[in-house]
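Report on one structure; see the data block that follows.
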There are 2 protein chains.
Amino acid sequence: MKAHKLPPEALELVAARFRVLGEPNRLRLIAALEQGEKNVSKLVSETELTQANVSRHLQTLTEAGLLGRRKEGLNVYYFIADESLFKLCDLVCSRLQKDLSAKAAAFKR
Amino acid sequence: MKAHKLPPEALELVAARFRVLGEPNRLRLIAALEQGEKNVSKLVSETELTQANVSRHLQTLTEAGLLGRRKEGLNVYYFIADESLFKLCDLVCSRLQKDLSAKAAAFKR
DNA sequence: CAACTAAATGAGTATATGTTCATATATATA
DNA sequence: TATATATATGAACATATACTCATTTAGTTG
(Lines give C-alpha, C1' and ligand atoms only; values in the text may rest on other atoms or scores of the structure.)
Protein backbone atom coordinates (compact mmCIF):
# COMPACT_ATOMS: atom_id res chain seq x y z
CA MET A 1 0.00 0.00 0.00
CA LYS A 2 2.05 2.93 -1.24
CA ALA A 3 1.15 6.51 -0.64
CA HIS A 4 1.57 7.56 -4.25
CA LYS A 5 -1.27 5.29 -5.22
CA LEU A 6 -3.76 6.90 -2.90
CA PRO A 7 -6.48 9.14 -4.35
CA PRO A 8 -6.93 12.62 -2.85
CA GLU A 9 -9.85 11.69 -0.59
CA ALA A 10 -7.79 8.91 0.92
CA LEU A 11 -4.93 11.31 1.54
CA GLU A 12 -7.30 13.61 3.37
CA LEU A 13 -8.32 10.72 5.61
CA VAL A 14 -4.72 9.88 6.37
CA ALA A 15 -3.93 13.52 7.07
CA ALA A 16 -6.95 13.80 9.33
CA ARG A 17 -5.73 10.91 11.40
CA PHE A 18 -2.32 12.49 11.80
CA ARG A 19 -3.97 15.78 12.74
CA VAL A 20 -5.81 14.12 15.59
CA LEU A 21 -2.46 13.08 16.99
CA GLY A 22 -0.95 16.52 16.44
CA GLU A 23 -2.18 18.01 19.67
CA PRO A 24 -0.15 17.60 22.87
CA ASN A 25 -3.11 17.45 25.24
CA ARG A 26 -4.65 14.67 23.21
CA LEU A 27 -1.37 12.79 23.44
CA ARG A 28 -1.46 13.31 27.18
CA LEU A 29 -4.90 11.78 27.34
CA ILE A 30 -3.75 8.84 25.26
CA ALA A 31 -0.76 8.42 27.52
CA ALA A 32 -3.00 8.51 30.58
CA LEU A 33 -5.11 5.72 29.11
CA GLU A 34 -2.13 3.54 28.43
CA GLN A 35 -2.50 2.10 31.93
CA GLY A 36 -6.12 1.17 31.30
CA GLU A 37 -9.57 2.71 31.00
CA LYS A 38 -10.48 5.78 33.05
CA ASN A 39 -13.51 7.97 33.47
CA VAL A 40 -13.60 11.63 32.51
CA SER A 41 -13.21 12.99 36.05
CA LYS A 42 -10.07 10.94 36.53
CA LEU A 43 -8.64 12.21 33.27
CA VAL A 44 -9.50 15.77 34.25
CA SER A 45 -7.66 15.54 37.54
CA GLU A 46 -4.66 13.76 36.05
CA THR A 47 -4.19 16.20 33.20
CA GLU A 48 -5.31 19.34 35.04
CA LEU A 49 -7.25 20.44 31.99
CA THR A 50 -10.79 21.79 32.26
CA GLN A 51 -13.61 19.30 32.11
CA ALA A 52 -14.98 20.86 28.94
CA ASN A 53 -11.63 20.67 27.24
CA VAL A 54 -11.06 17.05 28.17
CA SER A 55 -14.53 16.19 26.99
CA ARG A 56 -13.92 17.77 23.60
CA HIS A 57 -10.59 16.06 23.09
CA LEU A 58 -12.09 12.73 24.05
CA GLN A 59 -14.80 13.30 21.51
CA THR A 60 -12.24 14.00 18.80
CA LEU A 61 -10.24 10.90 19.67
CA THR A 62 -13.33 8.72 19.82
CA GLU A 63 -14.72 9.96 16.51
CA ALA A 64 -11.38 9.10 14.95
CA GLY A 65 -11.75 5.56 16.25
CA LEU A 66 -8.70 5.83 18.48
CA LEU A 67 -10.64 5.56 21.73
CA GLY A 68 -13.72 3.65 22.78
CA ARG A 69 -16.27 4.61 25.44
CA ARG A 70 -18.33 2.70 27.94
CA LYS A 71 -21.03 4.20 30.12
CA GLU A 72 -21.52 3.00 33.64
CA GLY A 73 -24.06 4.95 35.64
CA LEU A 74 -23.04 8.58 35.72
CA ASN A 75 -19.53 7.83 34.61
CA VAL A 76 -18.15 7.38 31.14
CA TYR A 77 -15.03 5.30 30.80
CA TYR A 78 -12.69 5.81 27.88
CA PHE A 79 -10.11 3.34 26.65
CA ILE A 80 -7.64 2.82 23.84
CA ALA A 81 -9.43 1.25 20.90
CA ASP A 82 -6.57 1.29 18.42
CA GLU A 83 -3.41 -0.42 19.56
CA SER A 84 -1.53 0.78 16.50
CA LEU A 85 -1.38 4.07 18.39
CA PHE A 86 1.55 2.84 20.40
CA LYS A 87 3.49 1.72 17.37
CA LEU A 88 2.89 5.11 15.79
CA CYS A 89 4.03 7.05 18.82
CA ASP A 90 7.02 4.84 19.36
CA LEU A 91 8.10 5.28 15.76
CA VAL A 92 7.93 9.05 16.07
CA CYS A 93 9.56 9.06 19.48
CA SER A 94 12.51 6.93 18.52
CA ARG A 95 13.05 8.95 15.39
CA LEU A 96 12.98 12.19 17.39
CA GLN A 97 15.40 10.78 19.91
CA LYS A 98 17.80 9.80 17.17
CA ASP A 99 17.60 13.26 15.60
CA LEU A 100 18.06 15.04 18.88
CA SER A 101 20.99 12.99 20.07
CA ALA A 102 22.63 13.55 16.70
CA LYS A 103 22.25 17.28 17.22
CA ALA A 104 23.52 17.01 20.77
CA ALA A 105 26.57 15.13 19.56
CA ALA A 106 27.24 17.75 16.90
CA PHE A 107 27.40 20.34 19.65
CA LYS A 108 30.19 18.63 21.52
CA ARG A 109 32.78 18.77 18.77
CA MET B 1 9.97 4.29 25.36
CA LYS B 2 6.44 4.71 26.65
CA ALA B 3 4.41 7.81 26.06
CA HIS B 4 3.35 8.19 29.68
CA LYS B 5 6.94 8.72 30.65
CA LEU B 6 7.43 11.67 28.35
CA PRO B 7 7.62 15.16 29.84
CA PRO B 8 5.37 17.89 28.36
CA GLU B 9 8.04 19.42 26.13
CA ALA B 10 8.67 16.04 24.57
CA LEU B 11 4.97 15.57 23.96
CA GLU B 12 4.89 18.88 22.17
CA LEU B 13 7.69 17.69 19.89
CA VAL B 14 5.87 14.49 19.11
CA ALA B 15 2.65 16.36 18.45
CA ALA B 16 4.49 18.79 16.20
CA ARG B 17 5.79 15.96 14.10
CA PHE B 18 2.31 14.52 13.70
CA ARG B 19 0.99 17.95 12.81
CA VAL B 20 3.44 18.22 9.95
CA LEU B 21 1.94 15.05 8.52
CA GLY B 22 -1.60 16.27 9.10
CA GLU B 23 -1.86 18.22 5.88
CA PRO B 24 -2.96 16.48 2.67
CA ASN B 25 -0.86 18.58 0.32
CA ARG B 26 2.23 17.81 2.32
CA LEU B 27 1.39 14.12 2.07
CA ARG B 28 1.06 14.57 -1.67
CA LEU B 29 4.53 16.06 -1.84
CA ILE B 30 5.92 13.21 0.21
CA ALA B 31 4.18 10.73 -2.06
CA ALA B 32 5.64 12.46 -5.10
CA LEU B 33 9.11 12.11 -3.65
CA GLU B 34 8.71 8.43 -2.98
CA GLN B 35 10.02 7.76 -6.48
CA GLY B 36 13.14 9.79 -5.86
CA GLU B 37 14.35 13.35 -5.54
CA LYS B 38 12.69 16.11 -7.57
CA ASN B 39 13.12 19.84 -7.95
CA VAL B 40 10.49 22.37 -6.99
CA SER B 41 9.22 23.01 -10.51
CA LYS B 42 8.60 19.32 -11.02
CA LEU B 43 6.71 19.13 -7.76
CA VAL B 44 4.67 22.17 -8.71
CA SER B 45 3.58 20.67 -12.01
CA GLU B 46 2.86 17.25 -10.52
CA THR B 47 0.77 18.55 -7.66
CA GLU B 48 -0.80 21.50 -9.49
CA LEU B 49 -0.29 23.66 -6.42
CA THR B 50 1.10 27.18 -6.67
CA GLN B 51 4.86 27.59 -6.54
CA ALA B 52 4.66 29.63 -3.36
CA ASN B 53 2.54 27.04 -1.66
CA VAL B 54 4.80 24.16 -2.61
CA SER B 55 7.80 26.12 -1.42
CA ARG B 56 6.25 26.73 1.97
CA HIS B 57 5.23 23.12 2.46
CA LEU B 58 8.70 21.97 1.48
CA GLN B 59 10.11 24.34 4.05
CA THR B 60 7.87 22.90 6.75
CA LEU B 61 8.80 19.35 5.84
CA THR B 62 12.49 20.15 5.69
CA GLU B 63 12.54 21.98 9.02
CA ALA B 64 10.91 18.93 10.56
CA GLY B 65 13.76 16.83 9.24
CA LEU B 66 11.50 14.77 7.00
CA LEU B 67 12.99 16.04 3.75
CA GLY B 68 16.47 17.02 2.68
CA ARG B 69 17.49 19.59 0.06
CA ARG B 70 20.28 19.81 -2.46
CA LYS B 71 21.00 22.82 -4.62
CA GLU B 72 22.22 22.38 -8.16
CA GLY B 73 22.49 25.56 -10.16
CA LEU B 74 19.14 27.25 -10.23
CA ASN B 75 17.34 24.15 -9.10
CA VAL B 76 16.73 22.83 -5.64
CA TYR B 77 16.13 19.13 -5.31
CA TYR B 78 14.18 17.75 -2.40
CA PHE B 79 14.27 14.16 -1.19
CA ILE B 80 12.96 11.97 1.61
CA ALA B 81 15.35 12.21 4.55
CA ASP B 82 13.41 10.12 7.00
CA GLU B 83 12.51 6.65 5.83
CA SER B 84 10.37 6.06 8.90
CA LEU B 85 7.83 8.20 7.04
CA PHE B 86 6.76 5.22 5.00
CA LYS B 87 6.27 3.00 8.01
CA LEU B 88 4.19 5.74 9.62
CA CYS B 89 1.98 6.22 6.61
CA ASP B 90 1.58 2.53 6.03
CA LEU B 91 0.53 1.99 9.63
CA VAL B 92 -2.12 4.67 9.34
CA CYS B 93 -3.24 3.51 5.93
CA SER B 94 -3.66 -0.12 6.86
CA ARG B 95 -5.50 0.83 10.01
CA LEU B 96 -7.85 3.09 8.05
CA GLN B 97 -8.48 0.37 5.51
CA LYS B 98 -9.35 -2.09 8.21
CA ASP B 99 -11.75 0.39 9.85
CA LEU B 100 -13.40 1.28 6.57
CA SER B 101 -13.89 -2.25 5.37
CA ALA B 102 -15.37 -3.10 8.76
CA LYS B 103 -17.87 -0.29 8.28
CA ALA B 104 -18.57 -1.40 4.72
CA ALA B 105 -19.24 -4.92 5.92
CA ALA B 106 -21.60 -3.63 8.60
CA PHE B 107 -23.65 -1.98 5.88
CA LYS B 108 -24.29 -5.19 4.01
CA ARG B 109 -26.13 -7.02 6.79
C1' DC C 1 -40.55 14.32 42.30
C1' DA C 2 -36.55 17.21 43.81
C1' DA C 3 -31.78 17.62 44.35
C1' DC C 4 -27.41 16.16 43.00
C1' DT C 5 -23.52 14.62 40.02
C1' DA C 6 -20.81 13.40 35.69
C1' DA C 7 -20.27 14.39 31.12
C1' DA C 8 -21.50 16.82 26.83
C1' DT C 9 -22.37 20.89 24.17
C1' DG C 10 -23.59 25.85 22.21
C1' DA C 11 -21.56 30.15 21.71
C1' DG C 12 -17.82 33.18 21.69
C1' DT C 13 -12.88 34.31 21.46
C1' DA C 14 -8.06 33.81 20.46
C1' DT C 15 -4.52 31.74 17.95
C1' DA C 16 -2.36 28.96 14.44
C1' DT C 17 -1.86 27.87 9.84
C1' DG C 18 -2.78 27.25 4.74
C1' DT C 19 -3.04 29.99 0.74
C1' DT C 20 -2.13 33.69 -2.51
C1' DC C 21 0.00 37.84 -4.63
C1' DA C 22 3.75 40.43 -5.25
C1' DT C 23 8.41 40.82 -4.70
C1' DA C 24 13.11 39.49 -3.30
C1' DT C 25 17.11 36.48 -3.69
C1' DA C 26 20.30 33.58 -5.96
C1' DT C 27 22.29 31.65 -9.89
C1' DA C 28 23.07 31.17 -14.78
C1' DT C 29 23.85 33.01 -19.34
C1' DA C 30 24.12 36.41 -23.24
C1' DT D 1 26.62 44.12 -16.89
C1' DA D 2 21.92 43.18 -18.17
C1' DT D 3 18.51 39.65 -18.52
C1' DA D 4 16.26 35.50 -17.51
C1' DT D 5 14.89 31.66 -14.54
C1' DA D 6 14.14 28.90 -10.13
C1' DT D 7 13.09 29.28 -5.57
C1' DA D 8 12.07 31.72 -1.29
C1' DT D 9 9.65 35.04 1.44
C1' DG D 10 6.91 39.33 3.41
C1' DA D 11 2.30 40.73 3.97
C1' DA D 12 -2.51 40.02 4.02
C1' DC D 13 -6.45 37.21 4.37
C1' DA D 14 -9.43 33.23 5.29
C1' DT D 15 -10.25 29.21 7.73
C1' DA D 16 -9.67 25.78 11.22
C1' DT D 17 -9.31 24.64 15.79
C1' DA D 18 -8.17 24.87 20.85
C1' DC D 19 -10.00 26.84 24.79
C1' DT D 20 -13.35 28.69 28.22
C1' DC D 21 -17.81 29.89 30.32
C1' DA D 22 -22.28 28.86 30.94
C1' DT D 23 -25.70 25.71 30.35
C1' DT D 24 -27.89 21.28 29.10
C1' DT D 25 -28.42 16.37 29.20
C1' DA D 26 -28.45 11.93 31.29
C1' DG D 27 -28.49 9.29 35.12
C1' DT D 28 -28.57 8.58 40.31
C1' DT D 29 -30.29 8.93 44.96
C1' DG D 30 -32.93 11.02 48.77
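Computed from a prediction, not measured in an experiment: that's the story for all the values here. Just so it is clear: chains get the letters A, B, ... in the order the sequence lines come, proteins before strands, and each one is counted from 1.
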State whether a side-chain donor-acceptor pair under 3.5 Å links A:R69 with A:Y78.
-> yes
Residue pair B:N39 / B:S41, side-chain donor-acceptor N/O under 3.5 Å |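 No.
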Starting at [atom1] of [X] and ending at [atom2] of [N], how long is that distance when rounded to a whole Å?
X     : N      : atom1 : atom2 : result
B:R69 : D:dA6  : CZ    : P     : 16 Å
B:E63 : D:dA8  : CD    : C1'   : 12 Å
B:E23 : D:dT17 : CD    : P     : 11 Å
A:K71 : C:dA7  : NZ    : P     : 10 Å
B:L29 : C:dT19 : CG    : P     : 10 Å
A:L49 : D:dA18 : CG    : P     : 13 Å
A:N75 : D:dG27 : CG    : P     : 13 Å
A:N53 : D:dA22 : CG    : P     : 16 Å

Closer to the 5' end of DNA chain D via nearest nucleotide, is it A:R56 or A:L74?
-> A:R56
Mapping A:N25 and B:L58 to their closest nucleotides on DNA chain D, which lands nearer the 5' end?
->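 Whichever sits nearer the 5' end wins; that is B:L58.
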Contact class for [X] (heavy atom, under 4.0 Å): base, sugar-phosphate, or nothing?
X     : result
B:Y77 : nothing
B:T50 : sugar-phosphate
A:Q59 : sugar-phosphate

Out of C:dA8, C:dA6, D:dT7, which nucleotide sits closest to the side chain of A:V76?
-> C:dA8
N or O in side chain of A:Y78 less than 4.0 angstrom from C:dA6 OP1/OP2 = no
Is the shortest side-chain N/O distance from B:H57 to OP1 or OP2 of C:dT19 below 4.0 Å?
->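 It does, given that an N or O in the side chain of B:H57 lies less than 4.0 Å from OP1 or OP2 of C:dT19.
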Pair partner, C:dA30 [Watson-Crick or wobble, under 3.5 Å] |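 Partner of C:dA30: D:dT1.
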Between the base of C:dA8 and the side chain of A:Q51, is there any donor-acceptor pair under 3.5 Å?
->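 Counting by modelled atom types and ignoring angles, a donor-acceptor contact under 3.5 Å is found here.
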State, with a plain yes or no, whether a side-chain heavy atom of B:K38 is found less than 4.5 Å away from one of B:E46.
->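 Touching, per the 4.5 Å side-chain cut-off.
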So, does A:E72 use its side chain to make a donor-acceptor pair with the main chain of A:N75 at under 3.5 Å?
-> no
Side chain of B:R28, backbone of B:T47: donor and acceptor closer than 3.5 Å?
->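 Such a contact is found between B:R28 side chain and B:T47 backbone.
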